[in-house]
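Atoms within each ligand, like the ligands themselves, are counted from 1 in listed order. The structure displayed is predicted, hence computed values, not measured ones.
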Amino acid sequence: MRYGTKILHNGNETDPNTGALSIPIYQVSTFHQEDIDRPGKYDYARSGNPTREALERTIAALEGGTYGYAFASGMAAVSSVLAIFRPGDHIIAAEDLYGGTYRILTRFFCEFGIEVTFIDATDVNAIEKAVRNNTRALYLESPSNPLLKITDLGAAVDIARRHNLITIIDNTFMSPYFQRPLDLGIDISIHSATKFIGGHSDVIGGLVVTKREDLAKKIYFVQNGYGAVLGPQDCWLLHRGIKTLRARMEIQQQSADKIARWLKNQPWVEEVFYPGLESHNGYAVHAAQATGAGAVLSFKTVTEKVAKSIMKNVKIWSVAVSLGGVESIMSYPVKMSHASMPEEERRRLGITDTLIRLSAGLEEVEDLMEDIEKGAILV
Ligand SMILES: *Cc1c(COP(=O)(O)O)cnc(C)c1O
């Protein structure tokens, strides 16, 4: 079966009890036990809920994994995965992570005794150099946020395996439709399902997938024990969002690609960051490990004034935090997703006040380009 078909037919699309073509929302907290000596499959909905389970199995199937877990947000998913580590453990992480992940690592997990070293993950040798006796994990994002940097995932996995590290990736930007990290040897794939998986800017959620049973047990222990589970209504929204994943990703990617190529030729643009451009540093590596470049891109304008004028004058683009929705979203990393990163660190990474990040939606691409151009040529 081809992947696009599997999105709709993976064994989790109909309700086993009724045959309903949409999994019912099991709005329930607890389950009657017929026989106290033989507990049923479900006992309490934090531990398991049929709507959540259908979503968890679906994402596991689509990521090529075995075990899926749904959390109350992308950050709950990230934090619950990080909670499998212990004081004294050391994690190597890519330096241009999602701002919230950077924050929880540096200002929360570090205080619980987890050590982190940030590296430029476009250079896999930097991973090897950062390994210590107590290193337990490698945490990556590829493409990264907001500069769309690429890590050679196969090469990173090789190094990690040699040092017995658990490999973790935040796969939010690609969705399983374009990139399946578990197939490349990554141990744990995480999504902010708020973005492409939900796809409609109407739900906050997080998903985690692994095929390693030892890690699955630890993650489930945190999910059930710590309890940051996703509620059944939100699970249902994600389950529904997934059904149109292919259609959305294909069209949104086409638009992102057109916008990237168009931006490259504008005199008010300094640089465009999109892994689908042949001129992108990571183009070849990305093309070898993913089936598409996705719908997120960023660009630097020649001056801050141009960037601000674009953001103030757009009518079709939503100026907002987030990405991956059916509506096009424009964001300003310095003031939004990366506001929690120290200014000095941002500057070092090239996250400047001329940088705009775009997430292409389903509007007609010509309208999207005209909408950006209006503000740019006013200056
Ligand atoms: C949005 C995002 C997150 C956090 O997800 P929430 O659902 O907002 O908690 C994590 N990683 C990436 C790459 C994101 O874009």
Visitor: Among all protein heavy atoms, pick the one closest to atom 5 (O) of ligand 1 and tell me residue, atom and distance.
Guide: S192 OG, 2.9 Å
Visitor: Are Y102 and F118 an aromatic pair, judged by ring center distance below 6.0 Å?
Guide: yes
Visitor: Using a 3.5 Å distance criterion without hydrogens, assess whether the side chain of D89 forms a donor-acceptor pair with backbone atoms of N134.
Guide: no
Visitor: My understanding is that only residues two or more places apart in sequence, or in another chain, count here; which of them pass side-chain hydrogen bond (donor to acceptor under 3.5 Å, both in side chains) with R240?
Guide: none
Visitor: Please, which pairs that meet side-chain hydrogen bond (donor to acceptor under 3.5 Å, both in side chains) have at least one residue in residues 285-304, sequence neighbours excluded?
Guide: E304-K308
Visitor: Between F108 and F112, is the ring centre distance below 6.0 Å?
Guide: yes
Visitor: Hey, does G205 sit under 4.0 Å from ligand 1 if you only count heavy atoms?
Guide: yes
Visitor: Any side-chain heavy atom of E63 within less than 4.5 Å of one from H191?
Guide: yes
Visitor: Does the Q223 side chain pair with the main chain of S80, one donor and one acceptor, at a distance under 3.5 Å?
Guide: no
Visitor: What protein heavy atom is closest to atom 7 (O) of ligand 1, reported as residue, atom name and distance in Å?
Guide: T194 OG1, 2.6 Å
Visitor: Please state which protein non-hydrogen atom is closest to atom 1 (C) of ligand 1 and give its distance, to 0.1 Å?
Guide: K195 NZ, 1.4 Å
Visitor: Check ligand 1 against S73 and write out every atom of the ligand that is under 4.0 Å from a heavy-atom position of the residue.
Guide: 7 (O), 9 (O)
Visitor: Return the residue, atom name and 0.1 Å-rounded distance of the protein heavy atom closest to atom 4 (C) of ligand 1.
Guide: Y98 CE2, 3.4 Å
Visitor: Looking only at protein heavy atoms, which one is nearest to atom 9 (O) of ligand 1, and what is the separation?
Guide: M75 N, 2.8 Å
Visitor: What is the nearest protein non-hydrogen atom to atom 11 (N) of ligand 1, stated with its residue, atom name and distance?
Guide: D170 OD2, 2.6 Å
Visitor: Please report which non-hydrogen protein atom sits nearest to atom 6 (P) of ligand 1, along with the residue it belongs to and the distance in Å to one decimal place.
Guide: G74 N, 3.3 Å
